[in-house]
Protein chains: 2
Amino acid sequence: MATIYDVAKAAGVSPKTVSRVLNDDAPVGRDTRKAVQDAMSRLGYVPSNAARVMRSNKSGLIGLITGAISNTPDHGDPRGLPELYIVQGVQDVFGREAKTLMISDTGGHSDRVPSLVSTFRQHRVEGLIYVADYHRQTRFEVRPGDPPVVLANCYDTVGTPSILPDDRICQHRLVARLIAAGHRRIGYLTLGASMDATRLRTEGYRDAHAEAGLPLDPAMIQEAYRDDHAPMTAALGRLLALPEPPTVICCGNDEMAMRLYGLLRTRGIEVPQRISIAGFDNYRAIAETLFPPLTTVELPYREMGRQAARRLLDIIAGTAPAATDPVRVPGPVVWRSSVTGVAGAAGT
Amino acid sequence: MATIYDVAKAAGVSPKTVSRVLNDDAPVGRDTRKAVQDAMSRLGYVPSNAARVMRSNKSGLIGLITGAISNTPDHGDPRGLPELYIVQGVQDVFGREAKTLMISDTGGHSDRVPSLVSTFRQHRVEGLIYVADYHRQTRFEVRPGDPPVVLANCYDTVGTPSILPDDRICQHRLVARLIAAGHRRIGYLTLGASMDATRLRTEGYRDAHAEAGLPLDPAMIQEAYRDDHAPMTAALGRLLALPEPPTVICCGNDEMAMRLYGLLRTRGIEVPQRISIAGFDNYRAIAETLFPPLTTVELPYREMGRQAARRLLDIIAGTAPAATDPVRVPGPVVWRSSVTGVAGAAGT
DNA sequence: GCGTGTAGTGACATCGGTGTCATGACATCG
DNA sequence: CGATGTCATGACACCGATGTCACTACACGC
């Protein structure tokens, strides 16, 4: 492998001049430059990043830790997709920058993370992005001397910069649209109560009611997330048994909505004629395939990835603080025909 | 960032001794070792890969080029999945090795490949794996001085080591199973005729017939792959109009099989009672969801990734030649209820 | 004509590890 | 007891870039 010395000798100049041509550092004579460039291409010269890093301490590397690849969706299972989208967004930004993105996959073992970080440190990455599989708290240990970190889809308690989906606004927007369509009794089958997403979305649900001056009926909100079907069947039963049952039911995700279609069909309840349904995630393999297609909300994963990348670049450049409140990125409601207006409604 | 000199000073030894502790190079006294290790953890020392690479010219890096991330499946579209599985397989192997995998995504622009290779060369990767999105020929230019390359899911004409799915054997196995189940008239709706997969699988289809001593009816093989539905409808029409129509129809992939379900249902033909169907790919989101579930073949993408990785390691270690015929990896038939036996058959 | 500035170039040290070789202290063997 | 070998360690050069400084021309302004 040719070195800068070989090029220098071949071009009849000093190594430093070759370096100047490489980096456009300082003025170089027209003829000299040409001679150097010729020599470089003749020898197939590629500068050694290692040597460059040693001197300048700038590796040009950004590390990214994710489970995106090992969590590949299978069975039409949407887990793993958010991470992939976030990684796409990150790539989007770094593809245009003079930084190289090193992607490392945890292989689903979060205990492997410290070893990945250590490898990244050996390579002297200038920054690190950690992508989580779902919106949650994390404890990403940063020791002094570690490169700056940006968290995507997760957050910690020590103020590490973090980019999160705005679950609250998303649910708020969705419910507001339902209210605008005339719905007044809005059921909500939530994900597990311990999840951050559930807490935030429930707040969004409340916000929308408060904004519209609608009373809040706690019986409308039912936890219904389990692997078996029982909790959902029970929760649906409770909703339908209410004196004033819901005219629309929101679900914690699109899979739950899909199951709800089945449950309602079993009971002979037509969607959306008798009950409207809304999902969450806009997992298109489900939302577009169901009949009727599913109204849902999309979380802005690609955009989160982009923002995480830009944030990290700003921190590295020193134009942004290395710690702040999380940034929350909202996403759009995707309106499809699983929701109809309600007779006598103001809107629709 | 602490250096080996800082550690040496803190431990009261020479830098070289610290290096020996790091690499377990040469015997080091018990007490000395402990003193060095203490100093390292006290200072949070992480060795610089750059410096190591300079001296030893071993970067410990393996480059991987793929479109896996940017080709993320969406709409339940299975494109992009093969690449992800291959990358998973590659990771599987390198996760256990003292090599770091650098994944670079093309972002769907194959013209960006040379620039990725150049970046990898700057980082002095010890080897390169190129993963293609579908089985095809490629022209991955290797210049002298480039690191060794292994191709996955593609091949070239200059003998670059290559790991391919064994489309021929796969189709052979599938058709042999169909014959064993009593089928004698086996329709085949192929992918585009120009694809390598189609050529190879058609050979496999022929092999199975020859092996069983069955005559080959060219009318049974129909190209039917387009984005619009017309060619498939026409091809199906031709098959059904034959004096002896097929008792089972093989499809070029699972999506085609899914469409075939629809076409047959429209004509009132029951699957599998009147016609059996077989797909290809075992794209489970489709194959397991259809009713009846689809008999299909699975291409061994993860295994291909593993073999590509091991192959590259062998080449780097010098225990394998850097050029040979492609390795073809077979995959299993996945038998589900879309195929029934035929009355009076020997088997089933 | 002399100081000042700038284009163009090279010598040399340096970044942080590791390979090579040398050295001293003991242990082992014939 | 001297030759030989092994353990444990250090001195020093070197990998391939780049930062610093110095130097030579030549142009420009006064």
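Quick note on labels: first sequence line is chain A, next is B, and so on, each numbered from 1. Since the structure is predicted, the reported quantities are computational estimates derived from the model, not experimental observations.
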Have a look at Asn49(B) and say if it touches a base, only the backbone sugar-phosphate, or nothing, with a 4.0 Å heavy-atom cut-off.
nothing

If pairing requires Watson-Crick or G-U wobble contacts with both distances under 3.5 Å, which nucleotide is the partner of dT6(C)?
dA25(D)

Check whether the side chain of Lys16(B) and the base of dG17(C) form a donor-acceptor pair under 3.5 Å.
no

Report yes if a donor N or O on one partner sits less than 3.5 Å from an acceptor N or O on the other, where the partners are the side chain of Arg20(B) and the base of dG10(D); otherwise report no.
yes

Would you name the heavy atoms of Arg112(B) and Thr106(B) that are closest together and state the gap between them?
NH1-O, 3.7 Å

Other residues, nucleotides and ligands only: do more than 12 of their heavy atoms fall within 6.0 Å of CD on Glu97(B)?
yes

Regarding dT14(C), can its base be found pairing with the side chain of Arg55(A) as donor and acceptor, where the two atoms are less than 3.5 Å apart?
yes

Give Ser56(A) one of three labels, base, sugar-phosphate or nothing, depending on what nucleic acid heavy atoms sit under 4.0 Å from its own.
nothing

Check whether Arg124(A) reaches the backbone of Arg121(A) with its side chain - one donor and one acceptor, N or O, closer than 3.5 Å.
yes

Across every strand shown, the nucleotide meeting Watson-Crick or G-U wobble geometry with dG30(C) (both distances under 3.5 Å) is dC1(D)

Mind checking if Val13(B) touches a base, just sugar-phosphate, or nothing, with heavy atoms under 4.0 Å?
sugar-phosphate

CD on Gln88(A) to CD on Glu83(A), rounded to 0.5 Å:
12.5 Å

